[in-house]
Amino acid sequence: MINNYQIKTFEQYQEAYKRSVEDPEGFWADIADTFTWRKKWDKTLEWNFEEPDVKWFKGGKLNITENCLDRHLKTRGNKLALIWEPNDPKERFVRFTYKEMYERVCQFANVLKKNGVKKGDRVCIYMPMIPELAFAVLACARIGAIHSVIFAGFSAVAMADRINDAGAKMVLTSDGLNRGSKQIPVKRVVDEALETCPSVEKVIVVERLGWAVNMVEGRDVWYHDEVQGVSKECPAEEMDAEDMLFILYTSGSTGKPKGVVHTCGGYMIYAQYTFSNVFQYEESDIYWCTADIGWITGHTYLLYGPLLSGATTLMFEGVPTYPDMGRFWQVCDKFGVSIFYTAPTAIRSLMSGDIDHVLSYSLDSLKVLGSVGEPINEEAWHWYHTHVGKERCPLVDTWWQTETGGIMISSLANVTPTKPAHAAFPLPGIQPILVNSDGTEITENEVEGHLCMKFPWPGIIRTTYGDHERCRLSYFSTYKGLYFTGDGAKRDENGYYRIIGRVDDVINVSGHRFGTAEIEEAINHNEHVVESAVVGYPHDLKGQGIYAFVICKEKPEREDYLRAEIIETVVEKIGKIAKPDKIQIVSGLPKTRSGKIMRRILRKVAEGDTSNLGDTSTLLDPDVVDEIKEGAL
Ligand code: WT7
């Protein structure tokens with residue numbers, strides 16, 4: 001029974017929560033017992049947050065794909081596992097039963113093996129949202145290769161950085177991709193990246209557009225050639241609970257992205273438990289998570305969580321606005337979607353369109369709505385709840401991070417109370433605390449502080465790939481004995497949490513994380529630039545926009561040309577998703593005498609609030625502030 005530990009009432013939530021704090025090991029061991037293990041674990045939990053060193057289910061042996069696929073074959077072999085809806089509504093959708101999905105994954109796994117991939121090898125996946133992406137990820141897991149999915153919107157430079165950091169041996173990609181009315185030459189980006197990636201021996205290309213692409217002799221092969229005559233059975237590699245399952249790169253407050261590492265056992269249990277409970281998943285549901293598999297939401301809640309639960313998961317290749325602003329709702333009606341999980345930025349962009357795009361669909365099948373990626377503002381919350389959920393669907397605002405593996409703070413649909421724009425309560429097993437900047441715990445309610453966790457959960461980050469010290473410094477050193485999320489949060493008089501946003505130098509653009517240092521580094525590559533400082537500012541659609549203050553070598557003749565060039569540089573170094581929204585050319589930056597940029601001042605200017613800039617007397621050159629204020633965009 002997969003949904004054995006599904007909480008059905010608020011009282012059960014309170015009981016489960018209480019037990020999870022009093023006896024966390026017993027709590028998680030009971031849940032873990034409902035999974036398929038080759039060998040049971042010896043010890044449920046070993047941990048310290050100093051190193052950090054966290055081990056869940058030590059000595060346990062398993063393969064996550066046996067839990068995602070094999071164990072469903074008897075009872076759900078003919079049930080739909082995956083529905084794939086293409087970008088173009090005129091193209092036919094494709095469906096795979098659990099049996100078919102099992103066979104596709106096994107075949108893909110055999111193709112990987114045939115091309116030299118072994119347990120422990122890193123495989124980079126740079127692919128559009130096509131079924132082969134799902135098969136590829138699971139195929140890696142099946143043979144114990146570590147997948148590192150890179151969102152296909154990242155540039156060649158960004159991809160190369162990630163491939164080199166992971167030392168990936170293989171890249172899985174496609175000829176091109178569809179995105180709304182555009183087609184993008186994916187393989188060309190891979191070719192460019194691989195000019196600087198000596199570890200990559202093979203590239204497997206899946207055909208999507210039917211384009212003629214450059215194939216490097218001895219390195220590149222077509223998937224459709226390789227899969228000819230390959231067996232539909234592939235034995236699953238036996239993995240230790242703490243063996244790496246995947247690496248997923250995310251931005252932090254320094255320039256270099258971090259490879260967040262998740263392991264097989266704990267991640268599996270956490271993905272399934274949270275999926276089942278937060279969305280109150282039932283066997284007959286049609287579940288749709290709109291995130292790309294290139295982000296953690298796609299890993300945990302498009303792929304692993306639903307498949308571990310035996311659910312039918314929908315994968316969409318396109319964008320919410322193509323061919324028109326009603327596409328999401330058309331797809332919901334087409335397949336009878338009952339659980340729908342998306343990001344506030346998508347809701348805000350659809351809100352700006354004609355309401356008829358929503359009203360012309362019935363949306364009768366919807367039961368539960370979810371939100372993820374950034375704080376959902378009240379206006380978006382109400383629009384989503386009223387027009388999409390028709391005021392009858394609970395809306396769960398799910399707070400979590402790449403590093404947490406799964407949802408941490410959220411209501412459980414119809415089970416625990418919700419409050420607009422609040423993530424609400426911690427899930428069982430999660431022990432959040434708020435601390436002051438000196439690290440003291442704030443115990444009362446109606447407070448605000450830095451959000452930390454004081455006890456490990458099975459989905460917690462284990463390390464940052466190749467650099468454990470970085471993991472310690474980023475998450476476990478700010479506050480002794482605590483995992484620090486980087487977020488600020490409020491707790492209201494009834495204990496509801498409301499996540500306010502990052503308190504570090506990370507900005508959240510349309511639910512995607514960027515370090516300001518990472519964007520600055522990219523901008524500084526432009527030959528005309530001397531120095532830059534990037535801050536986030538409130539943006540109606542994206543949540544936060546990117547505002548760059550840039551010092552140039554000499555005053556440009558045409559500022560607009562220079563801005564376009566700087567944007568080009570960022571697109572080249574990171575990708576279109578990190579394009580600055582505003583670029584202000586300045587002659588200096590507000591710095592302290594020790595040379596530190598006072599971002600607080602820049603943030604105020606970017607927000608358009610220059611009335612009270614606070615104390616600027618400690619600045620090296622206070623005059624620069626007036627110039628910046630006057631030139632604000
Ligand atoms: C950061 C994590 C979690 C998957 C998608 C993003 C922000 C995420 C919420 C929410 C307020 C949220 C936080 C967090 N965030 N969900 N429901 N309410 N803020 O994953 O790229 O790792 O980013 O996104 O600031 O730290 P990510």
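Residue indices begin at 1 and follow the sequence shown. Just follow the structure's listing: the first ligand is 1, and inside any ligand the first atom is 1. Heavy-atom basis, side chains included; hydrogens, waters and symmetry copies ignored.
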Which residue and non-hydrogen atom of the protein lie closest to [atom], and at what distance in Å?
atom                    : value
atom 26 (O) of ligand 1 : D487 OD2, 2.6 Å
atom 2 (C) of ligand 1  : W400 O, 3.6 Å
atom 11 (C) of ligand 1 : P375 N, 3.1 Å
atom 4 (C) of ligand 1  : T297 OG1, 3.2 Å

Report task. Check P432 against I430 and note the closest heavy-atom contact, atom names and distance. Result ->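 Smallest interatomic distance, heavy atoms only, reads CD-O, 3.2 Å.
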Review point. Where does the angle between the aromatic ring planes of H512 and F151 fall among parallel (under 30°), tilted (30 to 60°) and perpendicular (over 60°)?
Key: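 Plane angle between 30° and 60°, so tilted.
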Is there a nitrogen or oxygen of [X] sitting under 3.5 Å from a nitrogen or oxygen of ligand 1?
X    : answer
T250 : no
S371 : no
G373 : yes
T398 : yes
R513 : yes

On the ring face of Y496, is K419 found with NZ or CZ under 6.0 Å from the centre and within 45° of the axis?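 Positive - K419 is close enough to the ring of Y496 and near enough to its axis.
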> In a check of ring pair (Phe, Tyr, Trp, His ring centres under 6.0 Å) between Y301 and each of F340, W400, Y287, which one passes?
Replying inline: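 Only match with Y301 under ring pair (Phe, Tyr, Trp, His ring centres under 6.0 Å): W400.
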Note to self: We want to know whether S532 and E520 form a side-chain donor-acceptor pair, criterion being a heavy-atom distance below 3.5 angstrom.
What the structure shows: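 Distance-only check fails for S532 and E520.
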**Message:** I'd like to know whether the aromatic ring centres of F246 and H299 sit less than 6.0 Å apart in this structure.
**Reply:**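 Close enough - the centres of the two rings lie under 6.0 Å apart.
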Margin query: Ring centroids only, cut at 6.0 angstrom: are W47 and F49 within range, meaning strictly under it?
Written below: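 Yes, they do, as the ring centres are separated by less than 6.0 Å.
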For [X], atoms of ligand 1 separated by under 4.0 Å from a heavy atom:
X    : answer
I296 : 4 (C)
I499 : 11 (C), 19 (N)
N508 : 7 (C), 24 (O)

Have a look at ligand 1 and work out which part of [X], if any, has a heavy atom under 4.0 Å from it: side chain, backbone, both or neither.
X    : value
T404 : neither
V506 : neither
T402 : both
E374 : backbone

So, are E242 and R462 salt-bridged, with charged N and O less than 4.0 Å apart?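 The answer is yes: the pair qualifies as a salt bridge.
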Worksheet item: Under 4.0 Å between a Lys/Arg side-chain N and an Asp/Glu carboxylate O for E607 and K582?
Response: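 No, no charged N to carboxylate O under 4.0 Å.
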_Working for side-chain hydrogen bond (donor to acceptor under 3.5 Å, both in side chains), residues H450 and Y479_ = CA-CA 10 Å; H450 288 184; Y479 302 114; 2.7 Å; yes
